[in-house]
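Right, one structure below, let's go through it.
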Amino acid sequence: MPATSANLGSGFDSLGVALTLYNQVWMEESDTLEISSKDDVKIPTDESNLIYWSAQRLYAECGKTLPGLKIIQENNIPMTRGLGSSSACIVAGLIGANRFLGNPLSRSDIETLAVKIEGHPDNTTPAITGGLVTSAMDGGRIYSVTVPVADNIRFAVFVPPFELKTETARGALPDKYSRNDAVFNLSRSALMTSALFSGSLENLRVAVQDRLHQPYRKKFIDGYDTVFRLSYELGSYGTCVSGAGPSILSIVDAEGAAVFEQYAISSLEEKGITGWRMLTLLPDSDGAKIFIE
Ligand code: HSE
């Protein structure tokens, strides 16, 4: 299951891209619930585990009861950092459970069920399909288009040492926006999809701009202004908050990715911002994959 970065600045709750960083999950049908982790990451090992919970939800949707499950998780996607770790768990639970039942649900049914669990489609859909995804919900169903990201594009992700819960980040958003702000984001999110698809890097600096969520969330991200400024000094084409934050995503090219890898963290440290990590990633084009042993 790939990591995902939602919003891409202007595309709040509607745009997302899959990235080449993966969680792996081993699942086996069982009469009891047995959950463990292959690494030091703390995960719930009871019924609240998101993989189990999502699997159970799919069984219920198909009129079945899930007796238990053996789950082993390998958690490479940093948790509560705006990189789609929960969506990866939801998608793992759903596609694993669907496989156990002989694939009764279509991919589109799974996309819709994932959104019912997560609440918005911009991480779950790219985690399923890979690529760059534009999604909308209507009448309880998801309508989405997946396109590849242009070959020249890479992503440099600044991952902070602190967490930000999506509920907290969503709780800070206003209930109403002005028409100006709505038009500002609409035009830029449309530009973002075509710029990432076509590789027209010169449009990204404008396409990434946002007035719907980042201005209200920046207070939760210590170092926000410094990281944004540094990213542009290092040659980012466009920088935004990844998902609800707190990670910060820069869109770069291959040369830019090498520069970020070498200088981003040391430059931040020189500015007194410590504990951050840099992940340079490619767009993932495959989405969730299932292997049968
Ligand atoms: N679109 C969502 C948000 C992504 O910004 O709240 C986080 O799950």
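Read the numbers this way: they start at 1 and go in the same order the structure lists the ligands and their atoms. All values below come from the heavy atoms of this structure, side chains included, with hydrogens, waters and symmetry mates left out.
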Taking only heavy atoms of [X], which atoms of ligand 1 are found under 4.0 Å from at least one of them?
X    : value
D122 : 1 (N), 2 (C), 4 (C)
T166 : 7 (C), 8 (O)
N123 : 4 (C), 7 (C), 8 (O)
N7   : 1 (N), 3 (C), 5 (O)

Any side-chain donor paired with an acceptor under 3.5 Å for [X] and [Y]?
X    : Y    : result
S37  : N75  : yes
D253 : Y237 : yes
S250 : T239 : yes

Original post:
So does R170 pair up with D13, basic N to acidic O under 4.0 Å?
Top reply: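 Between D13 and R170 there is a salt bridge, with a charged N closer than 4.0 Å to a carboxylate O.
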Original post:
Do NZ/NE/NH1/NH2 and the carboxylate oxygens of D109 and R141 come within less than 4.0 Å?
Top reply: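 Answer for the salt bridge query: yes.
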**OP:** Give the residue and atom name of whichever protein heavy atom lies nearest to atom 3 (C) of ligand 1, and the separation in Å to one decimal.
**Re:**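 It is R170 NH1, 3.1 Å.
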Original post:
What protein heavy atom sits nearest atom 8 (O) of ligand 1, and how far off is it?
Top reply: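 Looking only at protein heavy atoms, the one closest to atom 8 (O) of ligand 1 is H120 CE1, 2.8 Å.
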Original post:
So S242 and S5, side-chain hydrogen bond (donor to acceptor under 3.5 Å, both in side chains) or not? Walk me through it.
Top reply: CA-CA 5 Å; S242 181; S5 185; 2.8 Å; yes
**OP:** Using the ring-ring contact (aromatic ring centres under 6.0 Å, His included) rule, collect all pairs that involve residues 6-33, keeping only residues at least two apart or in two chains.
**Re:**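 Non-adjacent pairs meeting ring-ring contact (aromatic ring centres under 6.0 Å, His included): F12-H213.
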Original post:
Could a heavy atom of R217 be found less than 4.0 Å from some atom of ligand 1?
Top reply: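 Distance cut 4.0 Å: R217 passes for ligand 1.
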Original post:
Considering only heavy atoms, does D13 approach ligand 1 within less than 4.0 Å through its side chain, its backbone, both, or neither?
Top reply: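 It is both parts that get close, each with some atom under 4.0 Å.
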**OP:** Flag E118 as yes when one of its N or O atoms lies below 3.5 Å from any N or O atom of ligand 1, and as no otherwise.
**Re:**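 No: no nitrogen or oxygen of E118 is under 3.5 Å from one in ligand 1.
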